[in-house]
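Take a look at the structure below.
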Amino acid sequence: MKYEDRISIGGTLVWYYYICKREVWLIGHGIEAEQENDYILLGRYIQEIFYTRKKKEIMIDNTIKIDILPGRKVIGEIKKSSRFLESAKMQVVFYLYYMKREKGIDMEGVLLIPEERKRIKVSLTPELEREMEEVIEDIGRILKLEKPPKAVKIPYCKKCAYRSMCWA
């Protein structure tokens with residue numbers, strides 16, 4: 001995939017890729033979710049309240065926004081629960097992949113789940129690097145589709161801010 005095509009792919013799309021391919025298409029095409037959804041509001045609240053002194057949020061290449069833990073080369077990602085642990089882990093893997101590939105910087109990652117008092121280390125292994133290349137290619141393919149992929153009912157749908165676009 002060409003660099004220009006990857007620019008629109010960020011950590012959020014990678015996170016949703018592991019949950020719902022339809023949501024990847026909707027977000028990638030600028031279709032906003034219901035912003036007053038309780039779960040979206042809760043996620044913002046947790047991000048604002050926890051770890052405010054322990055991280056520094058920076059935007060890189062107008063493409064990814066990462067939280068750097070002070071004094072270390074560690075990317076931190078805050079989540080409200082470990083319910084979607086695999087997708088959260090892969091979001092951090094994407095940030096690590098991006099920093100290595102685009103900036104030449106090897107970093108470590110950590111998932112922070114304040115309500116569960118969890119701190120999970122994330123590293124970019126050669127296997128995860130290959131998987132991320134495949135994921136980026138597939139997200140690019142999804143974004144080029146004329147219509148979103150067909151809706152598939154999953155447990156996540158019950159609390160999804162996009163549910164009215166799939167199940168109305």
Side-chain angles (χ1 to χ4, degrees), residues 1-30 33 39-40 42-145 149 154 156:
M1 179 177 290
K2 290 184 246 163
Y3 179 78
E4 305 84 59
D5 294 337
R6 287 188 305 197
I7 287 177
S8 63
I9 297 173
T12 302
L13 288 181
V14 171
W15 191 82
Y16 281 112
Y17 179 85
Y18 284 87
I19 297 170
C20 176
K21 308 295 191 279
R22 182 176 176 89
E23 205 161 346
V24 168
W25 190 93
L26 293 168
I27 292 168
H29 283 84
Y39 297 99
I40 289 177
L42 179 60
R44 284 189 197 134
Y45 174 75
I46 289 170
Q47 180 78 10
E48 290 171 12
I49 299 302
F50 291 97
Y51 304 107
T52 54
R53 293 184 317 237
K54 295 182 181 176
K55 66 179 179 69
K56 180 181 180 182
E57 188 174 83
I58 58 173
M59 177 67 85
I60 298 173
D61 297 337
N62 266 344
T63 302
I64 64 170
K65 189 186 296 186
I66 60 175
D67 297 330
I68 302 290
L69 301 184
R72 303 185 316 221
K73 288 188 347 184
V74 176
I75 294 173
E77 181 64 30
I78 300 169
K79 297 295 181 190
K80 68 180 172 87
S81 80
S82 57
R83 183 172 178 211
F84 298 106
L85 195 55
E86 181 67 13
S87 57
K89 174 185 159 196
M90 294 310 291
Q91 181 178 2
V92 175
V93 167
F94 172 76
Y95 295 144
L96 298 172
Y97 174 88
Y98 186 92
M99 293 302 291
K100 179 178 179 181
R101 287 294 179 105
E102 302 301 330
K103 300 298 174 194
I105 302 171
D106 287 318
M107 300 180 78
E108 289 296 315
V110 64
L111 277 172
L112 304 166
I113 307 168
E115 290 187 347
E116 298 174 14
R117 298 181 187 263
K118 288 185 179 177
R119 182 182 180 93
I120 302 163
K121 185 178 176 182
V122 180
S123 297
L124 183 64
T125 65
E127 296 80 22
L128 287 172
E129 202 167 337
R130 281 191 294 279
E131 180 176 343
M132 190 51 55
E133 289 169 358
E134 292 171 12
V135 166
I136 291 168
E137 288 290 329
D138 200 35
I139 290 172
R141 180 194 62 76
I142 291 168
L143 295 177
K144 289 177 184 171
L145 294 173
I154 58 174
Y156 180 73

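The first residue of the sequence shown is numbered 1, and numbering continues consecutively from there.
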Distance (rounded to the nearest 0.5 Å) between [X] [atom1] and [Y] [atom2]:
X	Y	atom1	atom2	answer
E116	R83	CD	CZ	11.5 Å
H29	I142	NE2	CD1	11.0 Å
T12	E23	OG1	CD	10.5 Å
I9	L143	CD1	CG	6.0 Å
L124	D106	CG	CG	7.5 Å

For the residue pair I113 and S82, what are the closest heavy atoms and their distance? CD1-CB, 3.7 Å
Do you know which two heavy atoms are closest between G28 and L13, and how far apart they sit?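 Closest approach of G28 to L13, heavy atoms only: N-CD2, 4.0 Å.
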Just wondering, do [Y] and [X] contact through their side chains at under 4.5 Å, heavy atoms?
X	Y	result
E129	K100	yes
E77	V122	no
I136	E133	no

Of all residues at least two apart in sequence or in a different chain, which pass the side chain to side chain contact (heavy atoms under 4.5 Å, CB included) check with K103?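 K103 satisfies side chain to side chain contact (heavy atoms under 4.5 Å, CB included) with I60, D61, M99, I105 only.
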Going by atom type alone, with no hydrogens or angles, which donor-acceptor pairs under 3.5 Å involve a side-chain atom of residues 84-93 and a protein atom two or more places apart or on another chain?
{"residue": "S87", "atom": "OG", "partner": "W15", "partner atom": "NE1", "Å": "3.2"}
{"residue": "S87", "atom": "OG", "partner": "F84", "partner atom": "O", "Å": "2.9"}
{"residue": "Q91", "atom": "OE1", "partner": "K79", "partner atom": "NZ", "Å": "2.7"}
{"residue": "Q91", "atom": "NE2", "partner": "Y95", "partner atom": "OH", "Å": "2.9"}

Intermediate values then yes/no, side chain to side chain contact (heavy atoms under 4.5 Å, CB included), Y18 and V135: CA-CA 9 Å; Y18 284 87; V135 166; 3.1 Å; yes
Could you tell me if K21 sits above the aromatic ring of Y17, with its cationic atom closer than 6.0 Å to the ring centre and no more than 45 degrees from the axis? yes
Step by step, would you call S81 with E115 a side chain to side chain contact (heavy atoms under 4.5 Å, CB included)? CA-CA 7 Å; S81 80; E115 290 187 347; over 6 Å; no
Donor-acceptor contact below 3.5 Å, side chain W25 vs main chain L145: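 Yes.
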Is it the case that the side chain of R119 and the backbone of L112 share a donor-acceptor pair, with hydrogens and angles ignored and the cut-off at 3.5 Å?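 No, because the side chain of R119 does not come within donor-acceptor range (under 3.5 Å) of the backbone of L112.
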Quick one: do V110 and I75 satisfy side chain to side chain contact (heavy atoms under 4.5 Å, CB included)? Show the steps, please. CA-CA 6 Å; V110 64; I75 294 173; over 6 Å; no
Can a side-chain donor-acceptor contact be found between S123 and E108 if the only test is distance below 3.5 angstrom? yes
